[in-house]
Structures are given as structure tokens and as C-alpha cells.
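Right, one structure below, let's go through it.
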Number of protein chains: 2
Amino acid sequence: MAYGLSRRKLNPKVPLLPGEGEKHHLTSLEGLAALSLDALSSVAYGPEAIVLALVVAGTGALSATLPVTLAIVFLLAVLVVSYAQVIAVHPDGGGAYAVAKADLGGASSLLAAASLVVDYVLTVAVSLTAGADALASAFPALAHDKLLVCLAGLALLTAVNLRGVADSARVLMLPTVLFVVAIVGVIVVGLLRTHPAAVVGTAQPFPAQETLGLLLILKAFSSGCSALTGVEAIANAVPTFRSPRVRHAQRTEFMLGGLLGVMLVGLAVLIRRDHVAPRGDVTVLAQLTAGAYGDGWAYYATNLIVTLVLLLAANTSFGGLPVLMSLLARDHRLPHLFALRAERPVYRYGVVALALLAALLLLATDADTHRLIPLFAIGVFIGFTVSQVGLVRHWTTRKPAGWKRHTAINGTGAVLTTLAALVLLLTKFLEGAWVVVIAIPLMMLLFARIQRYYTEVGKELELGRVPAPPDRRAESLVIVPLGEVSKLARHAISAALALGDEVVAVAVESDADRTRSLEQAWSRWNPGVRLDVIDSPHHSLVQPIVDYIQRAAQDGRLIAVLIPEVEPRHRRYEILQNQRGLLLATVLRARTDVVVCMLPYRLRV
Amino acid sequence: MAYGLSRRKLNPKVPLLPGEGEKHHLTSLEGLAALSLDALSSVAYGPEAIVLALVVAGTGALSATLPVTLAIVFLLAVLVVSYAQVIAVHPDGGGAYAVAKADLGGASSLLAAASLVVDYVLTVAVSLTAGADALASAFPALAHDKLLVCLAGLALLTAVNLRGVADSARVLMLPTVLFVVAIVGVIVVGLLRTHPAAVVGTAQPFPAQETLGLLLILKAFSSGCSALTGVEAIANAVPTFRSPRVRHAQRTEFMLGGLLGVMLVGLAVLIRRDHVAPRGDVTVLAQLTAGAYGDGWAYYATNLIVTLVLLLAANTSFGGLPVLMSLLARDHRLPHLFALRAERPVYRYGVVALALLAALLLLATDADTHRLIPLFAIGVFIGFTVSQVGLVRHWTTRKPAGWKRHTAINGTGAVLTTLAALVLLLTKFLEGAWVVVIAIPLMMLLFARIQRYYTEVGKELELGRVPAPPDRRAESLVIVPLGEVSKLARHAISAALALGDEVVAVAVESDADRTRSLEQAWSRWNPGVRLDVIDSPHHSLVQPIVDYIQRAAQDGRLIAVLIPEVEPRHRRYEILQNQRGLLLATVLRARTDVVVCMLPYRLRV
């Protein structure tokens, strides 16, 4: 997953900010436990993606798994070193979007932003489907209802995030530790055994459909690179580390790289030794788990831990996307509304939008992990590439000590990730990659269009220039629409008198009898304010008032319409109250330039 | 259809009202053409309902069609005389609800209202299914897609009514005249022939499942009474007639009764002579049409006219329900909102609600006319019964000249319609009548509950009593939330100065740099108003302002918050603007008692 500040940011109400209580900040080891979940959980689908890519050349081709994995681990090393440099150059966090904005500008940062949005959606989708795969490995009865399992998981995440989660990064440590122990255990125990403790799943024949050529190797490499998603998370979350931040974060990045590399290589060695091929209804990781632990309780426990960790990985997007959207909104590339991500209603828009897009992807791919992975990897690689190119630019323009070495590292990373992205695009174009090819430019266009609009508005409002002094105090007329003489009328007239130089009440009546009785009641009350009764033969309320106000608005005074609103004590009665006032307010705001004031009057019933 | 003011009322924008241009008012003959469509169109399903009820006793039992029809025509005569009296007693129109309210009070008027709502929904559903039957008789390919045809028709009506219809009663005259000519032609030409000109549809065997006893006769009578729906429409529309209104309306009522009676008897005679039995995929009326005109163009034309007239009959509900709802709202039995039926948005609620309920009924009954007719007839008969009982009460309490004769007529009507309603309820209870038995009391309960709420609110607001004089002019503080120094800020401060004794601007910032630059810009501008910058470390906008306002609200001054709103020129840009302001306004209105003022600023972009 490509962006996402730390999990600490997840709770929209009280995110922990830099400098806010140093003791709450993370040590390197805590950071590893808290921030690596997304990256480490990709071992659940990365190695399997390699196996599935190679097996089209027959089971014999699976011996290429180890070399392909070693190439991926080499790329991992490049990425880790590269991100250690990102941490040093951008200690305020930010990831691909921040790097692109600082070092590349304009279009590149739009590209980074669009690919990050794609990543967030796909992180949710892929983590859920991989989680469903793991769960179905333990409980084969679920194998035919994976889509349902995924949608149920998505509903759970959405509900939890709509309510707002009050967790902290530390909550994630236990699952991460359990996951690392389980997977490292699979490798160590598996390597100690001479042959698998148990075999699960049903064997399938794999006739060779292609020969094992360069293209297939490249495809396996590209698909397997999905195991690298998430290594950028630490660079995004530098501000959440304890001082010295950069040192702690870099150490965590290296530990993450080491751990992930060891896991990938270990699993690949086991795959090679046990001749693991795809089997019906169980994942490759589940086969390796059964090989190491047998098919008893440890098998179930490991699959459940993997499921849980993948569910938590999906959840990181729900914390990360609102952060990205607020950054984009502050750069005028999304509606300014989204800058208010600390506001619950705004945060909910993001949650619902993310859930809907993920649900769409799940439905479109029938919750098949391996149809989603190419899309996922493309988005991630665009983010990687933009970061690397940005750093190359950074080094070559500023030329600090050692800039040539830095440039070489980041350049290598950029070439490899570009290559992987291109291979995936070309080989998987018709199988779904076209969606990304269309979605990313469309989003870039949208961001650019929004930015242009805000620029125009800024010009019109003369932002950044000193405005003329305010008008000297104008006379004001407050118009109070009323239906009857009551305590509500008294409340409204009192408020209007406090605001206006002149106050006038208006009523709309279609019935001569009612007009007469209203006028009589008014003169009995005698509040010292004129009442104008407008005749409306067509039982229309709003248009006569709009006409009245437009006539009143001729004389240069400031006109305010004060609409008293009865607020019932229970929300269920709201449909019975206020609707006239709201209707009037809506029309006045759309069709006149008067100030529309709503005055609440709280009922006891 | 039981309620419904004239079609003139259909256009919510310019309904024609009593006294508004006498030349626009209807003569008796025009009234017949304009208001009889609903009643006359019931000959499309009424006779068929009798035939379908009797045929369970074998085709031999169909000879009872004529006597049953004669009994129905007798009831029709009683109803027509009775409604002529309603016209005289209630010349302001109003129908069952008005009669019940005037002469019976409380629960009876609630019963009338609830049954009228049921009627409106069922008028739409039954007219659409009968129209689909007529269309399928001409084009048998549609026979298996009647539900789809009905839903398409409903969608058309809904769309037309959402846009607002600009028709007048006169638009309905041509279809009505064509319909009368076609059906009277079927009877005259059919009786002149010695045997049917053509036979359409496929014969079906009808083994006798029951014997032709009293219960079956009663069932046939009750179902056939669905042919009487709509005879009350004229009594509802007296104000739309030319002076002398009562005389013109009564004459129209008698003409309608005569025409409908002739049609029903004529069709029954034809059914008897030609031994017409239900045949596959064609209606009874279509069989009679083919018998008279053959199966050439005249057959198609007649079926199309019948379809059109039924579609227009369904449309009457869309005009009638909003009128009923506004009467109920004025009696505090529905949200007051609905009294504003002349307002487009309110009118739309009614249209959409009616369309949804009708669609639900169509789906539940699979667009089967003969499953809907019992429900329809029950609702209509409750309305008839309430009107008759109300008039009996009227005569017996006031005892005008001839009150015994009047009482006898209305009493007979009441007994017959009660009987018909009971028979339908008992015989069709499990087949769907239970829906009506549940829906009507629930609606009555809802109306009563709403009325009680409004009574309580009225007490609390001291409606009808002279309130204390308004407070003497209080000091006012106007708070202006601002984000930056711009022309918008100037506009807002100018307006605030016109309204408040004291004005203060507030800004919420989470960033020290931005706070500083805002304060500098403010002092450069120097508008003579204090700026308070609230620190919000959590990027929250609303809560800090709410807290600020709650602190300011301690000192007894009137507090108004003036929120400047940027209004873009194109609606598509609205998502980019104003959202902060709307969010703030919503929260302030929910959680504080301050006056919330919205000040529009119209952009040129």
C-alpha cells in the first residue's frame, strides 16, 4: 500500500501529531511492529503470484521461482536503500506525492496522487481477497463463497470506520508479531523437516501451455513484485517516530527490508524443495504451512492469523485515503471540503467512497486475487517510479556529497520499477490493466480541472491582495416571515429587532377570513412592528415572499430574512416542523442575494 | 377514483380557483367530458370482474351477469341521487372527507381520509393493469410482459407529473368523447348484428368448481361494483362548474349516471347474448369489440382508445392525492409541509410516494387486474359508505323538508355499499384484502398521532393567545467565520456591520505559519473589526467554532453567526464551494441557539 500515514492517524478525532507527547512516539522496533503489517502481509499473495505466473509453462517451470524471488529481493534492497534516502530528504513524511511535488512538480505529482488513490482502493480489494483465500484454505466450505466473505469483511471494515476507530499503532503490534512468528516458524520448521508434514488441497494437472521464456520470467517477476507493496509506509510516517526521527525510521526501514527479504527467500526455498504447485482451494502459503506444522490446530491458527493480518492491512487504506485527500484538498486539487478530514461527516464521505470502489472491484473480478494483483502492482510501481525519479532529480540538481552513488541507486530502482510496470501493463492490458490506464489519466484531469477552477475563484476573490475597506455601516431591514401570532412570533420579532434598523413581518395568506383574523391577532398583540399580509390565491408560499423581498431589495439597504425554526425535541418529529422554513431558505439562497438567517426555537415536545 | 378535485387542479402552478374567470368554468356537458373519464373507464374492468367471479360456477352461471349488472345499476342510481344531494349540501366540493368532517367528525373523517389514500394508489395500479390488458388484447405479444408495460406506463406518468403538467380539463374531452363513441358503438353495432363479427382470443375450459349460490352472486356483485368507482369525482369538483354551480354539477352527475348505466347494461346484454366467457389473453371488452367491429382496424383503434383513457384515469390520482394531502395537512393530520402543494418540491414528494406505492402493488400482484380489484373496491366502498352515513346524519339532525325521503335514499346506499365492502372483505381477506385491513387503521393512527403532536406544539407556542410584547431591543454580536482576507471577507464584514452592534471575525488555524500570515494580512487590511484566530491542532474546523460561540453566548446578547457562501455560476461547481459553510451551519443549528445567517456571494466563474 503506497501512501498512508501511520495507523496513529486512523482515528479522525484525535490523531497524534508531531511533537505531541514524545513518549507516545515509536522506537524502531515499535515502528516495525506498527508499520510493517501492510508490507509483511504481502507474503500471503506475492510468492503465490510468482508460482501462478510460472505454472503456465508446466510444473517444471516452477524451479524458476527461487531465481525470480532473488531478483525481487534485489529490487527490495534497492527500494529499501532508496526509501532510507527518502526518509532523510523528506523527514516530514509524505511519500510519492510529497516527493513528486517537491522535486518534479505539476503533472508528476498529479500522476503520483492518482496512482495512490488506485493503490488505496486496490489494497482494500487485494487484502480482502487474499484474506478470503487464507480463510478458505482453513475452511474449504467457504471456497465457493469468497466473494461473499470479501463483501462481509468490507462491510465490517466500513461499519467500524464509519463509527470511527479509537485504536493506536500499538494495537497492531500483537497481530504483526504473531504473523512474523507464524511465518518465520513455517520457514524454520519446514526447512528442518526432510519432507512435508501434511499435504492439503487437491492436486491439479498443469500441462505446459507456453515455454519458459524471458517474457514469462518478466511476468512472474512483475506479479511477484506485489510482495513489495507497503515498503513505502515507513517513509510516510517519519513524524510518528521518536527523536532522532530519521535514524529511528531508517533503522525500521532496514529491519523491514531484512525481514521481508528473509521471508520471501525462505518461502521460495521451501517451494522449490517441496515442489509446491498450485492446488485446488488452498493457497501456496497454506500448503507450506501444512508442510511445516501438519494439518492440525497450528495450521488453522496460522491461516486465521494470516486472515486477520490481511483484514488489518485492508483497514490501513481507510486511515490513509482521507490523509491523502486532505493533502490534495489543501493543494486545491480536490474540493476544499476534504481538507476537513477531522470532521466526522467529511471523513465518512471518504470511507463510503473507498468501500464502494472496492466493492465494485470485488464484484468485477469475482474476488479473484490473481486478477486484482496486476492492477495493484501497476499502481504501486507508478508510485515507486515517481519517488525514485524524484530523488534522482533531487540529487542531480543539488549535487550533495555522494550524489553519484545516490543517483545510481535511485536510478536502478527507477529502471526496475518502470520495467515491472511496463511488463504488467503490456501483458495484462486486456485482462484488466486498461482500467488503470483509463482511471489514472481521468483522475489527473479531474485534479487539474479542480485546481484551475480554484485558481480562477482565487483571482476573482482577489486572494492575497489587500481588499478595499468594508462599506461604512449600511441601514438594514430584517424581514420575518410568519404564519401566526404565537410565542414563536415573539421570539422571532425580538431577535429581528436586535439585528435590524427596521423590522417588518410578512405573512402569506390565500384566504380572506384567515387574513382578517391574523391581522386582528396582530393588532391585539401590537408588537410595534408592521405586518404585511401578501395575498396568494394559488396557495403558494415561496414565490410571493420571493417577489416581496425582491421589491424590498431595491433601495440599497441590507436585507436579511429571519426565518424562525421550530426545533422539536425528538428527531423523528423533524418532518413535522421546519419544512416551510427550509424550503423558503433554499429558494431564497438560490434566487436572491439577501442574507438568510435561521433562528432556532427549541420545543419541549 | 374516490376523491380528486377536477383535472383543472392538476397543474400545481396555476390551478384554476372558484371565481377566477367564469368563462373558464365548465358547462354541464363540458363537465361530463372533463370529469367522467375516471368513472366511464371502469367499464373496461367492471363487467369483466363479474364474468370472472361467476365463471367459477361454470359457463352456465354467466347468465347471471345481466341480473347482477342490473343490481349494480340500481346501486349506481342510488349513488347518483345521493351524490346530487352531496353536491347540494357541500357546494364547496370535498367528497367523503369533507362530508365526514362536517357531519360525522373525528374517527370517521380519519377513516375516509385513509380509504381515499388507498383509493388513489389503487386507481393508479388498476387503471394501469387494465390498460395493459387492453393493449395486450390488441397486441398479444405483450401478454407476457404486462408487468413491464405497467411499470413503463407508471414511469411515464411519474416523469410527466414530476415535470409538471400544463394541461386543462379540456385536454381530456377528446379522449373521453372518443371512448364514449367507441363503447356505445360496440353496444349498438353489436346488438344490430345477429352473431359476432369476429372471435378473438383462445377458448378455455371452465369446469364448475362451485354452485351458483347467494355468496357467489354477492361476490360477483361486489367485484362488479368496481365499475362504479369515479362517480364521486363530480361532487368533489363543484367549484369548477359555471354558475349556477350546483345545478350544472347535478345535471352532469345525472348524465354520467345515465351514460354509465346504459354502457353497463348494454355490455351485459351483449355478454349474455353472445355467451361471452373469459378467453386467453383478451379482455371481455375486447371480445365484445371484435364481435361488433370485427378484428380489423376498428378493433385496434378501440383497444388503443381504451388504453389511453385508462392511462389518463391513472393520471387523475397524481392530481388528486396532493389536493387530499394538502387538506389533511391543513387539518394538522399530515406534516404541514404538504399544505404547500403549490410548491414544486412538495408536489414532487407526493408524486414519487404515489408512484412507489403503485409500483409496489404492481409488483406484488404481478400486474393482475383481478387481484387488485377487491382491494380497490373495498377502499372505494368505505368512502361511499362514509359519505352516505354522513348525509343520513345530516338529514336526521337538521330535518329539512323531505328529510325522510333523503334519509331513505342515503340509508339504502349506505346499506348496499356496506354490504358490498363486507362481502369483499370476507371473501377476499386472504387473497389480499388484509393489506387494506392493516393499512387503513395504520394510516388513521398516523393521522391521529400527527394531529396530537401539532396540538401539543400549539399549546407550547400558545397559539391563539396574545403573546407578551417582544423583548426590548437587545445588543447583538455578529460573528463572521473567515478563512482568508479577500473580497469575500470584505463582503461579509460589510454585511455584518449592518446587522450587529459588535462584529468579530474568527478563523480556525492549525498551522502557526498560516496563523501569522493571516494576522498580518488582517492588520494590513485593517477593516476596523477584531480577528480572533482559534488554534485547532487537530485540523478540526467546526468544533473550535462551536466552542468559541458557546463561550461568547454567555452574556445575554443576541449572537448571530454570519457565514459567507461563495455561489458558483454553474451548479456543477457547487461541490467545490460552500461545503465548509454548510457543515458549520448544520452543526451550529443542531447544537447551539444562535442565529445562523448565510450571505451569498455570486461568482462569475
Side-chain angles (χ1 to χ4, degrees), chain A residues 14-15 17 335-337 340-343 345 450 453 456-457 460-463 466-471 473-474 476 484-490 493-495 497-499 524-525 527 537-542 558 560 566 573 575-576 579-580 583 589 593 595-600 603-605, chain B residues 14-15 17 335-337 340-343 345 450 453 456-457 460-463 466-471 473-474 476 484-490 493-495 497-499 524-525 527 537-542 558 560 566 573 575-576 579-580 583 589 593 595-600 603-605:
Chain A
V14 266
L17 286 152
H336 283 158
L337 171 71
L340 306 172
R341 82 189 146 86
E343 308 296 341
I450 290 174
Y453 171 82
E456 284 173 22
V457 171
E460 185 170 338
L461 294 182
E462 301 182 355
L463 287 184
V466 178
D471 297 332
R473 196 185 176 292
S476 60
E484 59 250 321
V485 174
S486 66
K487 274 170 87 175
L488 182 67
R490 179 182 179 278
I493 297 292
S494 302
L497 286 170
L499 288 173
R524 266 201 306 279
W525 181 31
H538 296 144
H539 293 280
S540 172
L541 168 76
V542 172
L558 180 95
V566 174
Y573 295 136
I575 177 75
L576 300 179
Q579 307 294 330
R580 292 154 169 266
L583 187 68
R589 279 161 55 188
D593 284 337
V595 181
V596 177
C597 304
M598 308 299 282
L599 171 72
L603 286 180
R604 275 169 292 127
V605 292
Chain B
V14 266
L17 285 154
H336 283 158
L337 171 70
L340 306 172
R341 80 187 150 86
E343 307 296 341
I450 290 174
Y453 171 82
E456 283 172 23
V457 171
E460 185 171 338
L461 294 181
E462 300 180 356
L463 287 184
V466 179
D471 296 333
R473 195 183 178 293
S476 61
E484 60 252 319
V485 174
S486 67
K487 274 170 87 174
L488 182 67
R490 178 181 180 279
I493 297 292
S494 301
L497 286 170
L499 288 173
R524 266 201 306 279
W525 181 29
H538 296 144
H539 293 279
S540 172
L541 169 76
V542 172
L558 180 97
V566 175
Y573 294 135
I575 177 75
L576 300 179
Q579 307 295 329
R580 292 152 169 268
L583 188 69
R589 278 161 56 188
D593 284 338
V595 182
V596 177
C597 304
M598 307 300 281
L599 171 73
L603 286 181
R604 275 168 292 127
V605 291

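The basis for the numbers below is simple: all heavy atoms, side chains too, and nothing from hydrogens, waters or symmetry mates. The sequence lines fix the lettering, A, B, ..., with proteins before strands; numbering per chain opens at 1.
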(request) Not counting sequence neighbours, which residues clear side chain to side chain contact (heavy atoms under 4.5 Å, CB included) with P467(B)? List them please. (result)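 So P467(B) forms a side chain to side chain contact (heavy atoms under 4.5 Å, CB included) with V485(A), R490(A), W525(A).
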Heavy-atom pairs under 4.5 Å with chain A: which of [options] has the most?
options: I493(B), I450(B), V457(B); result: V457(B)
options: L603(B), V466(B), L497(B); result: L603(B)
options: E460(B), K487(B), E456(B); result: E460(B)

Does any heavy atom of chain A fall under 4.5 Å from the side chain of [X], the backbone, both, or neither of them?
X: A489(B); value: neither
X: A560(B); value: side chain
X: L558(B); value: side chain

Between [options], which residue shows the highest count of heavy-atom pairs closer than 4.5 Å to chain B?
options: A468(A), A474(A), P335(A); result: A468(A)
options: L488(A), V542(A), L599(A); result: V542(A)
options: C597(A), A495(A), P527(A); result: C597(A)

(request) Measure the spacing between CD of E484(B) and CG of L463(A) and express it to the nearest 0.5 Å. (result)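 The CG atom of L463(A) is 5.0 Å from CD of E484(B), to the nearest 0.5 Å.
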(request) Check whether any side-chain N or O of S476(A) sits under 3.5 Å from a backbone N or O of A498(B) as a donor-acceptor pair, and report yes or no. (result)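 Checking the backbone N and O of A498(B) against the side chain of S476(A), a donor-acceptor pair under 3.5 Å is found.
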